[in-house]
Undergrad: 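The structure follows.
For the single chain, residues carry numbers from 1 onward in sequence order. If you're wondering where the values come from, they're calculated on a predicted model, not measured in any experiment.
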Amino acid sequence: MDYSDVSTIAAWITEQGLKGASEAELMTGFCAACRDAGLPLDRGLALMDTLHPVHEGRAFRWDSVEEIEPEFEYGPTSSGEAASNWQRSAFYHLWSGNEREVRRRLGFGDPIDFAMLDKIAEAGNTDFVAMMHRFSEAGTIGEMDCFFSHFATKHPEGFSDHDLAILRKLVPVLGLAIKCIALGRIARTIAEVYLGEDAARQVMEGKISRGKSERISAALWFSDLLNYTKISDRVPPEEIIPLLNDYSEVAISAIHEAGGNVLKLIGDGVLAIFKGEVPAETCRAALSAESLLREKLVKLNAARAADGRATTDVYIGLHIGDVFYGNIGSQDRLDFTVIGPAVNEVSRIASMCRSVDLNLLISSDFAAAIPEGQRTALACVGRYALRGVQRAQELYTLDSARLDN
């Protein structure tokens, strides 16, 4: 492999990075191109931490012979066996010290003193090199502070000095391309986690101007927890966040599984919408989410009760109407949400649940949008004036929705 190949491969990496190729595609293409050009690569791995509520990072790998999964996500490495494996790795050795590269000539008597080196040697590899490219503070996001990579060869003589010089020139280019793709992934993740999937998609597509909104018809969901204030006064402070997390998890997962989008978490409250062109279908999706939530609540409350922890129920208000969906706020702080009278009404409907001792209330507009044959499952609970809403309206519930208590 000569230095003209270096320019060719570097140009390919740059082009693929600009096109938005995945990290796994970059890693696979890089290793294959190097091997085709004469660099004796037989194994490659790259990894980088990320900014994600569940995963600590992502890894990308390649093998010249074995068919392996080209990428995988890994969880926290701060405790247990994962921490032990991390602290025994060549990457930890680099991260915790001052070196940027470590090499073990496995076929020539060097110690097998890092995790996984024994398996790499057993596979017939004679030489191993691990590299770390640390980011500056300005280039760091969360725990994403460096790019790790390692490479191995089965060549009888191992890597030559020329081979290593080639890798030292090319790996930083690969790292930069992978980092660029990872940053895009992180941006999408953060947007989805904090805005919701649909709102995040619209923001990532460029709808970030203040006042940019569209009028949509949607089924609206507003829910909150039964007796949350009393529970928060009664349980230890350190139990409040786990309680909110548990009940938010079942509500949000039920909404998402039914095709809805969560827009707001307001203390113990959840605001969500179900978009669609056909009102009957959006209402059906919202009712499906309510049914899923009840199933999840049974399991959650049983588990929490078994652990001696506080349990509760969820009040839900369902409504349908036209809303404005888009950006509101100042030039410096925007919120992608829904606004309009229907949003106020659904929150008022949910708050009426306490007064009528029901865990589900449905507006007359929502009831009217349900196919006539399915309205027999609804029971009218009376006509009510909602606080801050001009018109009184009849509210409904499901026959099976009454609270046991």
Side-chain angles (χ1 to χ4, degrees), residues 1 5-6 8-10 12-13 16-17 21-50 55-75 77 81-82 84-94 101-133 147-160 162-164 166-168 170-175 177-179 181-182 185:
M1 182 175 184
D5 295 317
V6 172
T8 301
I9 294 173
W12 178 86
I13 295 170
Q16 294 303 305
S22 71
E23 301 99 315
E25 289 170 338
L26 286 166
M27 183 64 181
T28 299
F30 167 78
C31 291
C34 286
R35 183 176 173 87
D36 289 345
L39 190 67
L41 283 187
D42 286 287
R43 179 189 179 102
L45 173 76
L47 65 85
M48 188 162 52
D49 284 352
T50 186
H55 310 298
E56 183 174 293
R58 295 166 60 83
F60 319 99
R61 55 187 178 179
W62 171 87
D63 191 280
S64 63
V65 177
E66 184 182 354
E67 288 190 10
I68 57 177
E69 285 293 326
E71 64 180 279
F72 61 91
E73 294 164 324
Y74 53 90
T77 57
E81 184 178 355
S84 176
N85 290 338
W86 163 240
Q87 291 167 10
R88 292 171 46 241
S89 71
F91 293 150
Y92 180 81
H93 173 81
L94 294 172
E101 179 180 308
V102 62
R103 182 185 185 188
R104 291 293 184 266
R105 289 173 60 77
L106 304 174
F108 305 92
D110 278 4
I112 299 178
D113 52 354
F114 297 125
M116 296 301 295
L117 276 189
D118 53 345
K119 293 185 173 153
I120 293 173
E122 287 171 6
N125 292 285
T126 60
D127 208 347
F128 167 91
V129 61
M131 300 178 177
M132 179 190 70
H133 294 84
F147 174 70
F148 293 109
S149 60
H150 80 222
F151 303 93
T153 181
K154 295 177 182 178
H155 193 281
E157 297 179 6
F159 289 122
S160 69
H162 179 71
D163 295 335
L164 293 176
I166 295 292
L167 284 174
R168 291 176 189 132
L170 284 175
V171 170
V173 183
L174 174 66
I178 287 180
K179 181 183 179 183
I181 302 303
R185 188 187 300 277

Undergrad: Within this structure, what is the CZ-CG distance for the pair Arg88 and Asp113, rounded to the nearest 0.5 Å?
TA: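 One gets 10.5 Å once the value is rounded to the nearest 0.5 Å.
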Undergrad: If I compare all heavy atoms of Ile13 with all of Ala177, which pair ends up nearest, and what's the gap?
TA: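 Shortest heavy-atom separation between Ile13 and Ala177 comes out as CG2-CB, 3.6 Å.
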Undergrad: Which heavy atom in Leu167 sits nearest to a heavy atom in Met131, and how many Å separate them?
TA: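 Nearest pair, atom of Leu167 first, then Met131: CB-CE, 3.7 Å.
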Undergrad: Suppose we screen for side chain to side chain donor-acceptor pair (under 3.5 Å). Which residues come up paired with Thr50, at least two apart in sequence or across chains?
TA: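 Result, side chain to side chain donor-acceptor pair (under 3.5 Å) vs Thr50: none returned.
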Undergrad: Would you call His150 and Ile120 a side-chain contact if the rule is heavy atoms closer than 4.5 Å?
TA: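 Of all side-chain heavy-atom pairs linking Ile120 with His150, at least one is under 4.5 Å.
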Undergrad: If I compare all heavy atoms of Glu56 with all of Gly75, which pair ends up nearest, and what's the gap?
TA: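 Closest approach of Glu56 to Gly75: CB-O, 3.4 Å.
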Undergrad: Quick one, Met48 with Glu23, criterion side-chain contact (heavy atoms from CB on, under 4.5 Å). Give me CA distance, side-chain angles, the key distance, then yes/no.
TA: CA-CA 10 Å; Met48 188 162 52; Glu23 301 99 315; over 6 Å; no
Undergrad: Is the closest side-chain heavy-atom distance between Leu45 and Phe91 below 4.5 Å?
TA: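 Yes, close enough: below the 4.5 Å cut-off.
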Undergrad: Could you walk me through whether Leu47 and Tyr74 pass the side-chain contact (heavy atoms from CB on, under 4.5 Å) check?
TA: CA-CA 10 Å; Leu47 65 85; Tyr74 53 90; 3.5 Å; yes
Undergrad: What is the distance from atom CG of Leu26 to atom CD of Glu71, rounded to the nearest 0.5 Å?
TA: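 Between Leu26 CG and Glu71 CD, I get 11.0 Å after rounding to 0.5 Å.
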Undergrad: Of all the heavy-atom pairs spanning Ala123 and Lys154, show the shortest one and how long it is.
TA: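 Closest approach of Ala123 to Lys154: O-CE, 3.2 Å.
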Undergrad: Quick check: do Cys31 and Phe151 have side-chain heavy atoms less than 4.5 Å from each other?
TA: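 Counting from C-beta outward, Cys31 and Phe151 do come under 4.5 Å.
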Undergrad: Decide yes or no for Phe72 and Arg61: does some side-chain heavy atom of the first lie under 4.5 Å from some side-chain heavy atom of the second?
TA: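 Side-chain contact under 4.5 Å: yes.
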Undergrad: Taking NZ, NE, NH1 and NH2 as the nitrogens, is one of them in Asp110 or Arg103 under 4.0 Å from a carboxylate oxygen of the other?
TA: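 No, this pair does not count.
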Undergrad: For the residue pair Met27 and Leu174, what are the closest heavy atoms and their distance?
TA: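 Result for this residue pair: SD-CD2, 3.8 Å.
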Undergrad: With no hydrogens and no angle check, is any side-chain donor or acceptor of Asp36 less than 3.5 Å from a backbone partner on Ala33?
TA: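 Side chain of Asp36 to backbone of Ala33, a donor-acceptor pair under 3.5 Å: no, none is there.
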Undergrad: Can you list the residues that meet the side chain to side chain donor-acceptor pair (under 3.5 Å) rule with Thr8, with sequence neighbours excluded?
TA: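 Applying side chain to side chain donor-acceptor pair (under 3.5 Å) to Thr8 gives none.
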Undergrad: Taking side chain to side chain donor-acceptor pair (under 3.5 Å) as the test, write out the residues that go with His162, two or more places apart.
TA: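 By the side chain to side chain donor-acceptor pair (under 3.5 Å) rule, His162 matches no residue at all.
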Undergrad: Pick one: which of Phe148, Trp86, Phe114 meets ring pair (Phe, Tyr, Trp, His ring centres under 6.0 Å) with His93?
TA: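 Considering Phe148, Trp86, Phe114, a ring pair (Phe, Tyr, Trp, His ring centres under 6.0 Å) with His93 is found only for Phe114.
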Undergrad: Show, in sequence, the C-alpha distance, side-chain angles and deciding distance for Leu170 and Cys34, and conclude whether the side-chain contact (heavy atoms from CB on, under 4.5 Å) test is met.
TA: CA-CA 9 Å; Leu170 284 175; Cys34 286; 4.0 Å; yes
Undergrad: To the nearest 0.5 Å, tell me how far Glu122 CD sits from Leu106 CG.
TA: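 Rounded to the nearest 0.5 Å, the CD-CG separation comes to 11.0 Å.
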Undergrad: Report yes if some heavy atom in the side chain of Glu157 is under 4.5 Å from a heavy atom in the side chain of Thr126; otherwise report no.
TA: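 Of all side-chain heavy-atom pairs linking Thr126 with Glu157, none is under 4.5 Å.
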Undergrad: Could you go through Leu41 and Trp62, starting from their C-alpha distance and side-chain angles, then the distance that decides it, and tell me whether this counts as side-chain contact (heavy atoms from CB on, under 4.5 Å)?
TA: CA-CA 10 Å; Leu41 283 187; Trp62 171 87; 3.9 Å; yes
Undergrad: Side chain of Thr153, backbone of Phe159: donor and acceptor closer than 3.5 Å?
TA: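 Side chain of Thr153 to backbone of Phe159: no pair is present.
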Undergrad: For the OG1 atom of Thr28 and the CZ atom of Phe60, what is their distance to the nearest 0.5 Å?
TA: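 Here the interatomic distance stands at 10.5 Å.
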Undergrad: Does the side chain of His133 reach to within under 4.5 Å of the side chain of Val171, using non-hydrogen atoms?
TA: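 Heavy-atom side-chain distance check passes, below 4.5 Å.
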Undergrad: If you look at every heavy atom in Val102 and Ala90, which pair is closest and at what distance?
TA: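 Minimum heavy-atom contact is CG1-CB, 4.0 Å.
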